[in-house]
Amino acid sequence: MKIKLITPRMSLRPMDSEYKRMLSPSIAPLMLAALTPPEHEVVLEDENAHPLRFDDRPDLVGITVNVDTSRRAYEIAAEYRARRVPVILGGIYPSSCPEEVLQHADSVCIGEAEELWPRILDDAAQGGLKRTYYNTAPTDLARTPRPKWEMLNRSSYLYTNIVCTSRGCAFRCDFCYNSCEYVHNCYRNRPVEHVVEEIKRLGTRQVMFIDDNFIGDPAWTRRFVRAIMPLGLTWHCAVSANIGLHPDLMDLMAESGCRSLFIGFESINGASISTVHKRQNRVEEYDRVIAEIHARGMMVNASMVFGFDNDTTDVFPHTVDWLVRNKVETMTAHILTPYPGTVLHRRLLHEGRIFDFDPTHYNTAHVVYHPKQMTADELYRGYLWMYAQVYSLKNIVRRLPLDTRQWLPYLFFNFGYRKFGYVTSWVARLGLMHAIGQLARRLAYGITLSRHLRILPGG
């Protein structure tokens, strides 16, 4: 069979430039390609990097779908189904809302695909594609293959050196997809040796780990960080706010080359944190945790969410003051979004507070529900004001890291991505996205101190 795997074009938020679409590819199609037996032909198309081709006739089309790309996914599916090409949709949104998605596809893959994909291909080859496929048990990640990076045109992306070491999360916050009923709520790591081998085969010393929570099992993380110590990496990851409970692990991470942490602080309002059962966050510990991270030469990207039931309009200036006071290097702001299938969505729907059901608006940049202590317009304007304030020239200067080794990566992100991302996007259209990434990483992290002073190649 000829199998076509498609990633639909993502939506952009008001502060985003085209640059965001080319940051990194979806890893899901690369995993499916690796799971596909060699007797089948696989074609990958990412609409974020290039226009889709519709002048072909594959035997099966698979589309990876998020809530904000669902409408575009349905349009693509309709195009192929009109020509009697079977279409299967998978990903977070089809898994959380299979009934809706089935109105626009021949089949839906719910949850993890390792055990399901060979069965799906067999059924499709025999013309007997089932309506739904669902794995009733968590996947053994020892069976997860290395993504098939060799199929990708890397020149279209800033970052292709991304690695996933785990699945799931140790926590179950109400607004997160991990609270959906289809999710197997167990945190799992891949075998350490599998991940180390994957990193070596990437041929780079610059790595971005894209786990939901890199420290979901701190004991595993300690073993893994010790294993990558000899590789001389420069790397980045996302961790939960309770990283402060593990100072020895932070020491190991910094020594092995970790240079930045994405952390879901979400709110500086403790009452807001408790309403969504984010039990791993302790607002009173935030300042100390950030100071501990900075003391080890790592930067912080703080994820902040606005619109919780305990939030008033005061949350915006208070959050800016907190970010500046703690010299938080970067901030990613979100409007609280009740993703369909989550505990938060079920609660707000029951309370009659959701008024906007347009899936393209569920990208954390629109207000789709009635907030409790401010108007929808106040929430939206406050969200935009946060970006304008945090990334103003004055506050970029005020947040400049004390560690001079962090100045270049800090300035690249704040100016090259956030403040003047539209300029970078224009250059990237010339097919230079990967070259830009290589140059930026060489300049920002070219010299690093670990056990010895050395120059690291770009990745």
- Output for pair (Arg188 CZ, Cys186 SG), nearest 0.5 Å, gives 4.5 Å

- Query: Got a donor-acceptor contact below 3.5 angstrom from the Arg57 side chain to the Arg83 backbone?
  - Reply: yes

- Is a donor on one side and an acceptor on the other found under 3.5 Å between the side chain of Arg346 and the backbone of Gly341? yes

- Message: Could you check whether any side-chain N or O of Tyr134 sits under 3.5 Å from a backbone N or O of Glu112, counting only pairs where one atom can act as donor and the other as acceptor?
- Response: no

- Task: To the nearest 0.5 angstrom, please state how far the CD1 atom of Ile76 sits from the CD1 atom of Ile63.
- Result: 5.0 Å

- Would you call Lys278 and Asp174 a salt bridge, using N to O less than 4.0 angstrom? no

- Evaluation steps, side-chain contact (heavy atoms from CB on, under 4.5 Å), between Met31 and Trp117: CA-CA 10 Å; Met31 297 287 290; Trp117 189 241; over 6 Å; no

- Message: Can you give me the closest heavy-atom contact between Phe265 and Asn281, atom names plus distance?
- Response: O-ND2, 3.1 Å

- Distance-only side-chain donor-acceptor flag, Asn326 / Arg399, under 3.5 Å: no

- Derivation and outcome, side-chain contact (heavy atoms from CB on, under 4.5 Å), residues Ile27 and Ile210: CA-CA 10 Å; Ile27 204 168; Ile210 58 169; 4.3 Å; yes

- Message: Let me confirm one number: the CZ-OG distance from Phe262 to Ser240, rounded to the nearest 0.5 Å.
- Response: 12.0 Å

- Message: Can a donor-acceptor pair be found, under 3.5 Å and without considering hydrogens, that links the side chain of Asp122 to the backbone of Arg119?
- Response: no

- Salt bridge between Arg72 and Glu75, side-chain N to carboxylate O under 4.0 Å? yes

- Could you tell me whether the side chains of Asp211 and Ser166 share a donor-acceptor contact shorter than 3.5 Å? yes

- Query: Taking the six-membered ring for Trp, are Phe214 and Phe224 parallel (under 30°), tilted (30 to 60°) or perpendicular (over 60°)?
  - Reply: perpendicular

- Item | Minimal non-hydrogen separation, Gln406 against Pro401, with atom names | OE1-CB, 3.1 Å

- Message: Assess the residue pair Arg222 and Asp248 against the criterion (salt bridge (Lys or Arg N to Asp or Glu O under 4.0 Å)); give the C-alpha distance rounded to whole Å, side-chain angles, the decisive distance to 0.1 Å, and a yes or no.
- Response: CA-CA 9 Å; Arg222 288 183 182 91; Asp248 66 310; 2.8 Å; yes

- Over all atoms of both residues, closest heavy-atom pair of Asn135 and Pro138: ND2-C, 4.5 Å

- Do Pro98 and Val101 touch side chain to side chain, with heavy atoms closer than 4.5 Å? no

- Check the side chains of Glu114 and Thr144 for a donor-acceptor pair under 3.5 angstrom, ignoring hydrogens and angles. yes

- Query: With a 4.0 Å cut-off, would you call Glu193 and Arg223 a salt bridge?
  - Reply: no

- Message: Against Ser267, only a single residue in Val276, Val283, Val305, Ile273 fulfils side chain to side chain contact (heavy atoms under 4.5 Å, CB included); can you say which?
- Response: Ile273

- Pair Arg146 + Glu197: basic N to acidic O under 4.0 Å: no

- Message: Between Lys2 and Asp59, does any side-chain N to carboxylate O distance fall below 4.0 Å?
- Response: no

- Given Val300 and Thr330, is the side-chain contact (heavy atoms from CB on, under 4.5 Å) satisfied, shown in steps? CA-CA 6 Å; Val300 175; Thr330 66; over 6 Å; no

- Value rounded to 0.5 Å, distance of NE2 in His40 from CG in Leu35: 12.0 Å

- Note on the structure: In Asp46, Asp56, Asp55, the residue satisfying salt bridge (charged side-chain N to carboxylate O under 4.0 Å, His left out) with Lys4 is Asp56

- So, the side chain of Tyr157 versus the backbone of Ala49: is there a donor-acceptor pair under 3.5 Å, distance only? no

- Message: Assess, by modelled atom type and distance only, whether the side chains of Tyr187 and Asn213 contain a donor and an acceptor separated by less than 3.5 Å.
- Response: no

- Task: Using a 4.5 Å cut-off on heavy atoms from C-beta on, say whether the side chain of Arg205 contacts that of Thr234.
- Result: no

- Task: Specify whether His236 and Tyr159 have parallel, tilted or perpendicular ring planes, treating 30° as the upper limit for parallel and 60° as the lower limit for perpendicular.
- Result: perpendicular

- Task: Might you point out which heavy atoms bring Lys327 and Leu402 nearest each other, and give the distance in Å?
- Result: CE-CD2, 3.9 Å

- Message: Closer than 3.5 angstrom, by distance alone: can the side chain of Tyr387 be matched with the main-chain N or O of Ala333 as a donor-acceptor pair?
- Response: yes

- Message: Any donor-acceptor pair under 3.5 Å linking the side-chain atoms of Thr160 with those of Trp149?
- Response: no

- Query: Going through the checks in order, is the salt bridge (Lys or Arg N to Asp or Glu O under 4.0 Å) test met by Arg143 and Glu115?
  - Reply: CA-CA 9 Å; Arg143 302 176 57 184; Glu115 285 82 4; 3.5 Å; yes

- Out of curiosity, Ser95 OG to Ile110 CD1, how far, rounded to the nearest 0.5 Å? 6.5 Å

- Task: Would you please test Thr165 and Trp220 for side chain to side chain donor-acceptor pair (under 3.5 Å) and show each step?
- Result: CA-CA 10 Å; Thr165 75; Trp220 183 95; over 6 Å; no

- Item | Verdict with supporting geometry, Arg21 and Glu47, salt bridge (Lys or Arg N to Asp or Glu O under 4.0 Å) | CA-CA 9 Å; Arg21 288 194 168 111; Glu47 196 176 24; over 6 Å; no

- For Thr332 and Asn301, does a side-chain donor sit closer than 3.5 Å to a side-chain acceptor? yes

- Backbone of Leu102 reached by a side-chain donor or acceptor of Arg131 within 3.5 Å: yes

- Item | Check: Gln206 main-chain N/O paired with Asn161 side-chain donor or acceptor under 3.5 Å | yes

- What's the verdict on ring pair (Phe, Tyr, Trp, His ring centres under 6.0 Å) for Tyr339 and Tyr362, showing C-alpha distance, side-chain angles and the deciding distance? CA-CA 7 Å; Tyr339 295 121; Tyr362 282 66; 7.3 Å; no

- Item | Heavy-atom side-chain proximity of Leu121 to Leu60 below 4.5 angstrom | yes

- Should Arg296 and Glu292 count as an ion pair when the cut-off is N to O under 4.0 Å? yes

- Considering all heavy atoms, the nearest Thr139-Arg167 contact: CB-NH1, 4.3 Å

- Query: Short question: side chain of Ser179, backbone of Val343 - any donor-acceptor pair under 3.5 Å?
  - Reply: yes

- Counting N and O atoms only, with roles assigned by atom type, does the side chain of Thr69 sit under 3.5 Å from a partner on the main chain of Val65, one being a donor and the other an acceptor? no

- Task: Hey, could you give me the CG/CZ distance between Asp212 and Phe209, rounded to the nearest 0.5 Å?
- Result: 15.0 Å

- For Ser260 and Trp235, run side-chain contact (heavy atoms from CB on, under 4.5 Å): C-alpha distance rounded to whole Å, both residues' side-chain angles, the deciding distance at 0.1 Å, then the answer. CA-CA 7 Å; Ser260 70; Trp235 56 277; over 6 Å; no

- Hey, is Glu285 close enough to Arg288 for a salt bridge, meaning N to O under 4.0 Å? yes

- Query: Would you call Arg154-Glu150 a salt bridge at under 4.0 Å N-O?
  - Reply: no

- Task: Classify the side-chain pair Glu100/Tyr74 by whether it contains a donor and acceptor separated by less than 3.5 Å.
- Result: yes

